[in-house]
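To start, the structure under review is shown below, and the notes come after it.
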Amino acid sequence: DSGVTQTPKHLITATGQRVTLRCSPRSGDLSVYWYQQSLDQGLQFLIQYYNGEERAKGNILERFSAQQFPDLHSELNLSSLELGDSALYFCASSERGGVNSPLHFGNGTRLTVT
Amino acid sequence: ILNVEQSPQSLHVQEGDSTNFTCSFPSSNFYALHWYRWETAKSPEALFVMTLNGDEKKKGRISATLNTKEGYSYLYIKGSQPEDSATYLCAFSGGGADGLTFGKGTHLIIQP
């Protein structure tokens, strides 16, 4: 058990809808990363937060947004959903903001857009 | 977009044999290189974080080396066991605001 909690485990929704994915980092970790894994794709980096502030940004669509709250949990908001947004979304946390700390991954949220 | 390549894509190895695979990354602006093991139905688990050229790390039968000047890292598994079957991911950071970029992984199957 990595100590990172993601909810929900599964989410099925229709095109055009909006969903929120939630992540609680491992106790003591200040940084949260969001990754997307689509079919036949590797882990695509979306965004990183450190202690409430955005630290790094990857190929995150404008329809997607995220934030990290004072209690360090994070939410990833996906809006105007399209079929192609169906994927496994991982949250990972690390102790510090730099990339010389290992990432601890949650079990992911499987999003299906119909 | 950073290019992180892993080879081979998949690998079948006989139990007891040793094996290795490669992660290639941009040789400029190196900051860190990570290796993860991802077993089916689980989440990726960190193996190593390497930050210095020439770094060698070891964890049991698994070890890794790093060459930042030429932009590659090798992962070695000695005396493969069935429980080593997994996808092995590397991830590269060039620092800055690019985060950590993952390769697509090497899918390793150990045959009894």
Side-chain angles (χ1 to χ4, degrees), chain A residues 1-7 9-10 23-26 29 31-50 53-60 66 68 74 76 87-110, chain B residues 1-10 21 23-26 29-53 55 57 59 62 64 66 68 73 86-107:
Chain A
D1 181 12
S2 67
V4 178
T5 304
Q6 286 188 251
T7 57
K9 285 186 180 178
H10 302 278
C23 170
S24 294
R26 200 177 65 139
D29 284 359
S31 196
V32 169
Y33 296 73
W34 286 98
Y35 284 88
Q36 178 194 57
Q37 193 205 13
S38 304
L39 200 61
D40 295 332
Q41 295 291 319
L43 289 167
Q44 300 293 312
F45 172 61
L46 296 177
I47 199 162
Q48 178 202 358
Y49 281 84
Y50 173 69
E53 300 289 326
E54 183 181 304
R55 173 61 67 98
K57 206 166 186 175
N59 296 323
I60 187 166
Q68 186 180 27
S74 178
L76 178 67
L88 187 54
Y89 290 84
F90 281 105
C91 166
S93 70
S94 69
E95 190 178 350
R96 298 182 291 270
V99 291
N100 51 0
S101 300
L103 269 55
H104 304 277
F105 281 83
N107 289 327
T109 292
R110 169 78 63 187
Chain B
I1 296 177
L2 297 170
N3 204 23
V4 180
E5 299 285 343
Q6 291 190 246
S7 62
Q9 269 189 318
S10 66
F21 27 93
C23 173
S24 301
F25 51 85
N29 297 328
F30 176 85
Y31 200 84
L33 192 287
H34 295 213
W35 280 101
Y36 292 82
R37 175 168 57 206
W38 192 357
E39 296 178 67
T40 304
K42 295 187 177 180
S43 52
E45 178 187 345
L47 288 172
F48 307 113
V49 176
M50 296 188 284
T51 57
L52 296 175
N53 184 42
D55 258 355
K57 298 247 174 158
K59 194 178 199 176
I62 304 177
L66 178 67
T68 62
S73 175
T87 296
Y88 290 82
L89 301 170
C90 71
F92 164 80
S93 175
D98 293 334
L100 199 58
T101 301
F102 279 80
K104 290 189 176 182
T106 292
H107 183 50

**Request:** To the nearest 0.5 Å, tell me how far A:E95 CD sits from A:D29 CG.
**Result:** 6.5 Å

**Message:** Regarding A:S31 and A:Q48, do their side chains bring together a donor and an acceptor under 3.5 Å, going by distance alone?
**Reply:** yes

**Prompt:** Side chain, backbone, both or neither: which part of B:F48 has a non-hydrogen atom closer than 4.5 Å to chain A?
**Reply:** neither

**Message:** Between A:S93 and A:R26, do the side chains contain a donor N or O and an acceptor N or O under 3.5 Å apart?
**Reply:** no

**Request:** Count the heavy-atom pairs under 4.5 Å between each of B:L100, B:V4, B:T51, B:L89 and chain A, then report the option with the highest count.
**Result:** B:L100

**Asked** Using non-hydrogen atoms only, which part of B:W35 is less than 4.5 Å away from chain A: side chain, backbone, both, or neither?
**Response** neither

**Request:** Determine yes or no for a side-chain-to-main-chain donor-acceptor pair under 3.5 angstrom, with A:Q36 supplying the side chain and A:N59 the backbone.
**Result:** no

**Message:** Tell me if a side-chain donor or acceptor on B:K57 pairs with a main-chain N or O of B:V49 at a distance below 3.5 Å.
**Reply:** yes

**Prompt:** Which one of A:Y35, A:Y33, A:F45, A:F105 has the most heavy-atom pairs closer than 4.5 Å to chain B?
**Reply:** A:F105

**Request:** Check each atom of A:E54 against the heavy atoms of chain B and say whether the ones under 4.5 Å are side chain, backbone, both or neither.
**Result:** neither

